[in-house]
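The structure appears below as structure tokens.
The figures here come from the full heavy-atom set of this structure, side chains too, leaving out hydrogens, waters and symmetry mates.
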Amino acid sequence: MNIRRGLAVGAAAAALAGGFAASPAQAAGGTAPACIIRSVSGTIEGFSVYLENTCKNTMRVQVIVNLAPDSRCYTLAPGDWDVYTYEGITGTYDRTAVC
């Protein structure tokens, strides 16, 4: 394989890999504000995250997980709460982000 073709194949592979590497975590916004209470608890199968909105406005947040898919985006009105549960062996809690 000549150098030019090798570079083209390498660039195509890098672009393709970059497409697969994109994840919801990259689409997530910054870390959720402190008025979003989050409490992480370990479980036998993984972990759970209690989310509560003590903000004055409705907030959309998601749990960012290392080495596994992130949670869906939760819409929480002031005073609302929800629980995200991760079941698996590879994922770990990273952060709670706005979405």
Side-chain angles (χ1 to χ4, degrees):
M1 175 181 327
N2 67 32
I3 292 177
R4 180 179 283 168
R5 184 170 179 196
L7 291 174
V9 169
L16 187 59
F20 287 124
S23 70
Q26 292 173 332
T31 300
C35 57
I36 297 295
I37 296 172
R38 62 279 245 171
S39 178
V40 182
S41 301
T43 66
I44 293 173
E45 297 86 18
F47 63 88
S48 62
V49 182
Y50 170 82
L51 302 165
E52 182 179 352
N53 182 5
T54 64
C55 306
K56 294 181 180 178
N57 300 315
T58 297
M59 299 293 293
R60 292 178 44 87
V61 296
Q62 75 179 128
V63 176
I64 307 302
V65 182
N66 292 316
L67 303 174
D70 300 331
S71 77
R72 66 178 176 84
C73 192
Y74 293 89
T75 301
L76 300 173
D80 281 356
W81 61 271
D82 211 326
V83 176
Y84 166 72
T85 301
Y86 168 80
E87 292 182 351
I89 57 172
T90 59
T92 58
Y93 175 82
D94 182 19
R95 65 190 174 99
T96 300
V98 295
C99 53

Pairwise side-chain contact, [X] with [Y], heavy-atom cut-off 4.5 Å (strictly under):
X: V61; Y: L76; result: yes
X: Y93; Y: R38; result: yes
X: C55; Y: P33; result: yes
X: Y84; Y: V65; result: yes
X: P78; Y: T58; result: yes
X: V98; Y: M59; result: yes

Legend entry - Carboxylate-amine/guanidinium contact R72 D82, below 4.0 Å: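 Judged by the 4.0 Å cut-off on N to carboxylate O distance, R72 and D82 do form a salt bridge.
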Tell me the closest heavy-atom pair linking [X] and [Y], and the distance in Å.
X: Q62; Y: C99; result: OE1-CB, 3.7 Å
X: S48; Y: V83; result: CB-CG1, 4.1 Å
X: V63; Y: S71; result: N-OG, 2.7 Å

Inset, instruction - Only pairs at least two apart or in different chains count here, so list each ring-ring contact (aromatic ring centres under 6.0 Å, His included) that has a residue in residues 55-79. - result: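 Applying ring-ring contact (aromatic ring centres under 6.0 Å, His included) to every pair that reaches into residues 55-79, excluding sequence neighbours, yields nothing.
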Inset, instruction - Could you point out which residue of N66, D70, T31 forms a side chain to side chain contact (heavy atoms under 4.5 Å, CB included) with D94? - result: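 Going through N66, D70, T31 one by one, the side chain to side chain contact (heavy atoms under 4.5 Å, CB included) with D94 is satisfied by N66 alone.
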